[in-house]
2 protein chains.
Amino acid sequence: MLRALFNSFHKVSDEDYQAIEQFTATLHIKKNHDLQPIGHTCKTIYFIKKGCARIYYFKEDINITESFSFENNIVVRYESLFTGRPSKKGIQLLEDGEIIAINAAKLFELFPTHPAIETLFRKIFQHCLVEQVNRIESLQFHTAEERYKDLLQLSPNILQRVPLKHIASYLGITPVSLSRIRAQH
Amino acid sequence: MLRALFNSFHKVSDEDYQAIEQFTATLHIKKNHDLQPIGHTCKTIYFIKKGCARIYYFKEDINITESFSFENNIVVRYESLFTGRPSKKGIQLLEDGEIIAINAAKLFELFPTHPAIETLFRKIFQHCLVEQVNRIESLQFHTAEERYKDLLQLSPNILQRVPLKHIASYLGITPVSLSRIRAQH
DNA sequence: AACATTAATTATCATATGTAAAGTACTTTC
DNA sequence: GAAAGTACTTTACATATGATAATTAATGTT
């Protein structure tokens, strides 16, 4: 499953895959619990095998969802992993979940001896970069209603899995405002 | 100059640097001219030696600035370079500029034989990823006024170099709205 | 220098979103 | 199963931003 995801970015040999696997652990986390709390420096790349999660932070007491992640996706707080600074963001499970944790420091140590692994993760990060650019475009010049409709199109079942208050803050609006948008069907 | 920038991400040997240099060209572009027009597939990584540029696109006749880039920075339309799809975005010079163009296809071909070059660009892309995440945070939950002040703090001389209309669309607001924000000092 | 074009500001009005408060429905806990 | 808590909606009002149009300022062209 993890390997299938990897292969979709860059084919790796059995040996390379096993080298990565060596530094992975499977975690079972309950709904509403944190995979990583606010304030810790991110040293792990997570892969969601089952469940869904959100990256969140507080702005003046307001709980803001930066992103959602569902099965078969990677979750990383890049701004912490790539700078070495503590993250003001946490990762919370929105459903009971099964998570594969990859030790990032150990993984990065593999790069000099396993170029294919470095290539794999370079391509994964490139893909993430494209996702972020698209998100910026959406936030910069779409109305809240357009962003809501786009989100439903991209993740049709998100309404069944994620509380509306998180969707609201993800869209950059208040729950009241989201209610209004939903009401005018 | 380019090498100094590279070194700030990852030290490369003379040989590696020369391998990259082989696929670079220096361009002189006049103010208001396009470095790359809308609709072309991005196959080049640009480095700004002198001048400043913006990535822009149209949304229903409205000319939107996605990002600004100044001296000593890299400009790439990731969503095109990393997907191979034509970009609906262009790159325009806002001042007469001197640009170093790196042929991305040739560069990527160096990766298997020059692992240090791959590492260098992985780190550059990681840095860009962090920048994009920060931009998302700014767009998602700051008011237009906060975003304006943050921009001035980050690029204090931007007002002298960039027309306000571009700054407005970069902030996700109309020029009229930016005028108002500036008026209430 | 005169003219034409574009950029920026200001004013007015319309609309979208925020804030606060109250009500309803759903969950959780004991 | 009652009580408490949480999520969501609705209403009323406040504020920020958008749209349009008119004016002034700045820039480019001949």
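So that the names make sense, note that chain A is the first sequence line, chain B the second, and so on, each numbered from 1.
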Looking at A:Phe141, I'd like to know if the NZ or CZ of B:Lys59 sits under 6.0 Å from its six-membered ring centre while staying within 45 degrees of the ring's axis.
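Negative - B:Lys59 is either too far from the ring of A:Phe141 or too far off its axis.
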
Below 4.0 angstrom from OP1 or OP2 of [N], is there any side-chain N or O of [X]?
X	N	answer
A:Thr174	C:dG18	yes
A:Ser179	D:dT10	no
A:Arg180	D:dT9	no

Could you give the [atom1]-to-[atom2] distance, from [X] to [N], as a whole number of Å?
X	N	atom1	atom2	answer
A:Gln184	D:dT9	CD	P	13 Å
A:Ile181	D:dT9	CD1	P	12 Å
B:Ile167	C:dA7	CD1	C1'	13 Å
B:Leu178	D:dG18	CG	P	10 Å
A:Leu94	D:dA7	CG	P	12 Å
B:Lys165	D:dA26	NZ	C1'	13 Å
A:Leu159	C:dC26	CG	P	16 Å
B:Phe141	D:dA16	CZ	C1'	15 Å

If you round to the nearest 0.5 Å, how far is NZ of A:Lys89 from CD of A:Glu66?
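It comes to 3.5 Å.
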
Can you check whether A:Ile29's main-chain N or O pairs, donor with acceptor, with A:His33's side chain at less than 3.5 Å?
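Not confirmed, A:His33 side chain does not pair with A:Ile29 backbone.
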
Side chains of B:Tyr78 and A:Asn134, donor plus acceptor under 3.5 Å
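Checked: B:Tyr78/A:Asn134 side chains show no N/O donor-acceptor pair below 3.5 Å.
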
Side-chain donor-acceptor pair under 3.5 Å between B:Gln36 and B:Tyr46, yes or no?
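Distance-only check passes for B:Gln36 and B:Tyr46.
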
Which of the following nucleotides, D:dT17, C:dA8, C:dT17, is nearest to the side chain of B:Ile173?
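Looking only at side-chain atoms, B:Ile173 lies closest to D:dT17.
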
Among the nucleotides C:dA11, C:dT19, C:dG18, which one has an atom lying closest to any side-chain atom of A:Ser177?
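Nearest nucleotide to the side chain: C:dG18.
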
Residue mapping more 5' on DNA chain D - nearest nucleotide basis, B:Thr143 or B:Asn32:
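Its nucleotide being nearer the 5' end, the pick is B:Thr143.
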
Can you work out whether B:Val176 or B:Val162 has the more 5'-proximal nearest nucleotide on DNA chain C?
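Mapping each residue to its closest nucleotide by heavy atoms, the 5'-most match is B:Val162.
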
